[in-house]
Amino acid sequence: MVLGLEERLQLMEEVKAECLKCEKCPLSLLRTQVVFGEGKIDTELMFVGEAPGADEDQQGRPFVGKAGQLLTRILKSVGIDRSQVYITNVVKCRPPGNRNPTPDEIGTCWPYLESQIAIIRPKIIVTLGSVSTKAILRTKEPITVLRGKWFEWVGGIKVFPMFHPSFLLRNLSKEKGSPRWLTWEDIKEVKRAWEELRR
Ligand code: URA
Ligand code: URA
């Protein structure tokens with residue numbers, strides 16, 4: 001059944017309302033706010049990070065802290081505005097001290113991401129960093145091997161892993177072959193593929 005945009009917006013609000021009161025895992029006890037995700041529902045392009053950090057937990061929005069500001073700039077550098085895409089995380093509540101979410105937490109939170117993907121029906125999912133890449137592709141391969149490559153996923157969706165912006169905050173070099181240099185190559189590839197879809 002193909003739903004119209006109004007119905008999809010409505011469905012997303014319903015999933016969000018459920019997620020905002022979620023108590024299915026212990027992270028719910030520690031959060032200030034659930035960070036559900038935001039952006040355009042009717043988009044081909046979705047970005048999936050790891051989990052909220054302190055700033056996101058405070059503001060209830062994904063990628064608004066230092067790493068998020070870098071992500072926003074990376075997108076801008078190829079002419080992508082955040083409002084044109086959908087941005088979320090594999091885990092919707094902040095893990096204490098920014099530790100990686102556990103496999104249990106990822107599994108418990110998974111249905112929310114699954115619903116978001118089903119409603120948005122993106123053509124491209126960019127996974128940001130090791131945790132979301134491994135969770136979505138169900139692989140143990142390191143991000144250094146996976147990034148910058150296209151993977152076929154369920155429903156004909158293409159998955160493109162990139163480094164996490166917080167990794168780039170710790171790696172400032174822009175010389176050829178550095179994580180920042182590779183990310184510049186990667187985001188240009190995402191833009192190219194996205195434009196191709198929209199032609
Ligand atoms: N890091 C993430 O993975 N997601 C956010 O929303 C913020 C920082
Ligand atoms: N390690 C990570 O967890 N993420 C990256 O993006 C790079 C290295």
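Atoms within a ligand are numbered from 1 in the order they appear, just like the ligands themselves. A quick note: this is a predicted structure, and the numbers were derived from the prediction, not measured.
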Test item: side-chain donor near acceptor, Glu44 and Trp194, under 3.5 Å: yes

Test your reading of the structure: does Phe63 have an N or O sitting under 3.5 Å from an N or O of ligand 1? yes

Side-chain donor-acceptor pair present, Gln116, Tyr86, cut-off under 3.5 Å: yes

Should Glu141 and Lys134 count as an ion pair when the cut-off is N to O under 4.0 Å? no

Counting only nitrogen or oxygen atoms and a 3.5 angstrom limit, does Asn89 reach ligand 1? yes

Examine the side chains of Glu14 and Gln10 and answer whether a donor and an acceptor come within less than 3.5 Å of each other. yes

Mind checking whether Ala51 contacts ligand 1 via backbone (N, CA, C, O), side chain (CB onward), both or neither, at a 4.0 Å heavy-atom cut-off? backbone

Between Glu50 and ligand 1, find which residue part has any heavy-atom pair under 4.0 Å and reply side chain, backbone, both or neither. both

Could you tell me which atoms of ligand 1, counted from 1 in the order shown, lie closer than 4.0 angstrom to a heavy atom of His164? 1 (N), 2 (C), 3 (O)

Six-ring centre of Trp184, Arg180 cation under 6.0 angstrom, axis tolerance 45°: no

